Amino acid sequence: MRFDPVSNPYTPGAGQAPPLLTGRDDELARFDATLSRLTRGRPAQCPLVVGLRGVGKTVLLNEFARRAVARDWVVVDHELTATGDLFATTTRLVRDAVLQVAPPGAWRAAGQRVGALLRSIEVSYELAGLSVGVARSEEADARASMDMARDLTELLVSLGEAARDHGRGVALLFDELQFASTAPLGALVTALHKVAQRELPVTLVAAGLPQTRGVLAEAASYAERMFAPVEVGPLSDADAKRALAEPAEREGVQYDEGALLRAVAFTEGYPYFLQVFGDHVWRYAAGTPVAAEDAERIAPLVRDSLDRGFFVFRTDRLPVAQRRYLRAMAELRGSEVSSGDIATQLGMRSSAQAGQTRDALIRKGLIYSPRLGRAAFTVPQFDDYLRRHFELERHEPRARRPSDAARDR
Ligand SMILES: Nc1ncnc2c1ncn2[C@@H]1O[C@H](COP(=O)(O)OP(=O)(O)OP(=O)(O)O)[C@@H](O)[C@H]1O
Ligand SMILES: [Mg+2]
């Protein structure tokens, strides 16, 4: 007997709400408290969801948004990309937000001020030969010379006053914040700092890879204190089992304990892997209850699907130097490894020789530095994938050619 594909409850994907949001109760309770504080005009740090790829950051951010909307907050959101212009994006979000706070006809002084500021920013963009909303990194650089911090501060303070006039709160949601460039992010943090001092009901809710904290620290010296990290990791064994079993049970399908144990061991509790596992069980199990043998037989299919769908596109267009770096890193095993050991593994004399390659990989979001001189993968089980798919090459030290630098970018 095969299960009905129409009632498959699992949600392998990006940002897709799972059938059961397991293991995030504390994070949600903390967020509810943050909203309550801000609503009462009390200061609260901006929530910053950090975690590895596929751990459920976007899903949590979306749930935060849902809860804010349920309290009549205005929520505007954006997913950053490596080439996006954070300043232009923020002005666009402010425009969307102020229109949701109240229609222009009902704006009081603060609302009018937001409208006027947005117009003048658009004019200064045009004078500089730029256009708000067209995302290009050169524009971000050019904009850095203009006074972004002043503009964003005036904008967010006026937006906050407008929101307060109408008894609303505003949450700006940013996903993939690790891609923010320093100058506009610094300006945004400055603006939020002012908003917090004035106790206005505007907050930033963000998510990103672990390097986001470093990106923020670089943007403003006091940024660490303005954000409350919400660290999301793999689910506990009990939560991982529930994530698989409960949605199936609602459709009349049971799991044997042995099957659950196999799935938890395979996925290590990582939410995306769990959803892919569940999806494969739904498609390939012999019937209910799902037995340990089913899980055993299905695991290689899940492995293959993850290899082809989740891992491969992270390596397939990578410059050779970067792929070698990752492969050397995988060889060392361990949740974090020393940059010096990676360099040795690559046949280099010092970690500085691989510095550009390492920085490029951090910028691309493939690795991060948990502390000085250490490196770790942002993708769970990536080391295993690399070891299975790439031969370890040993290299003699050699001089860099100019073409290498071009390839590393
Ligand atoms: N708490 C949870 N319980 C069960 N499944 C979850 C949970 N959180 C997320 N998922 C599932 O995990 C997958 C990944 O979630 P999500 O896209 O939010 O991860 P992410 O951390 O944003 O990943 P990325 O860094 O790649 O953007 C989705 O398929 C989602 O349905
Ligand atoms: Mg995400």
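Atoms within each ligand, like the ligands themselves, are counted from 1 in listed order. Just so you know, these numbers come straight off a predicted model, no measurement behind them.
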What is the closest protein heavy atom to [atom], and at what distance does it sit?
atom: atom 20 (P) of ligand 1; answer: K57 N, 3.4 Å
atom: atom 17 (O) of ligand 1; answer: G15 N, 2.6 Å
atom: atom 10 (N) of ligand 1; answer: P271 CB, 3.5 Å
atom: atom 31 (O) of ligand 1; answer: Q16 O, 2.6 Å
atom: atom 24 (P) of ligand 1; answer: R53 NH1, 3.4 Å
atom: atom 3 (N) of ligand 1; answer: T22 OG1, 3.0 Å
atom: atom 4 (C) of ligand 1; answer: Q275 NE2, 3.5 Å

Could you walk me through whether Y368 and L209 pass the side-chain contact (heavy atoms from CB on, under 4.5 Å) check? CA-CA 8 Å; Y368 70 104; L209 294 171; over 6 Å; no

Rounded to the nearest 0.5 Å, what separates atom [atom1] in [X] from atom [atom2] in [Y]?
X: D151; Y: T190; atom1: CG; atom2: OG1; answer: 12.0 Å
X: L306; Y: L301; atom1: CG; atom2: CG; answer: 11.0 Å
X: T90; Y: R95; atom1: OG1; atom2: CZ; answer: 12.0 Å

Can you name the atoms of ligand 1, numbered from 1 with element, that are less than 4.0 Å from a heavy atom of [X]?
X: L20; answer: 3 (N), 4 (C)
X: A14; answer: 17 (O)
X: E176; answer: 27 (O)
X: T58; answer: 18 (O), 20 (P), 22 (O), 27 (O)
X: P12; answer: 29 (O)

Would you mind checking if [Y] and [X] are paired as a salt bridge, meaning a charged N to carboxylate O distance below 4.0 Å?
X: R67; Y: D32; value: yes
X: R308; Y: D304; value: yes
X: D26; Y: R30; value: no

Without hydrogens or angle criteria, can the side chains of Q197 and E199 be said to hold a donor-acceptor pair below 3.5 Å? no

Does the side chain of H78 come under 3.5 Å of the side chain of D175 through a donor N or O and an acceptor N or O? no

With side-chain contact (heavy atoms from CB on, under 4.5 Å) as the test, would you mind laying out the steps for F174 and T89 before giving the verdict? CA-CA 10 Å; F174 283 107; T89 298; 4.0 Å; yes

Test of proximity, [X] against ligand 1: N or O pairs below 3.5 Å:
X: A17; value: no
X: G56; value: yes
X: L60; value: no

State which residue, out of V230, T212, L177, fulfils the side-chain contact (heavy atoms from CB on, under 4.5 Å) condition with V49. V230

Among T203, V98, V202, the one residue meeting side-chain contact (heavy atoms from CB on, under 4.5 Å) with V170: V202

With atom 29 (O) of ligand 1 as the reference point, say which of D175, V59, L52, T11 has the nearest heavy atom. T11

Looking at G54, G13, G269, the heavy atom closest to atom 23 (O) of ligand 1 belongs to G54

Under 2.8 Å from the Mg ion (ligand 2), the protein N, O or S atoms, given as residue and atom: T58 OG1

Please classify the A207 to ligand 1 contact at 4.0 Å (heavy-atom distances, strictly less than): side chain, backbone, both or neither. neither

Taking only non-hydrogen atoms of L274, do any sit less than 4.0 angstrom from ligand 1? no

Taking the six-membered ring for Trp, are F273 and F310 ring centroids under 6.0 Å apart? yes

Please confirm whether R388 makes a cation-pi placement over F390, using NZ or CZ under 6.0 Å from the six-membered ring centre and within 45° of the ring normal. no

Plane angle bin for F311 and F382 - parallel if under 30°, tilted between 30 and 60°, otherwise perpendicular: parallel

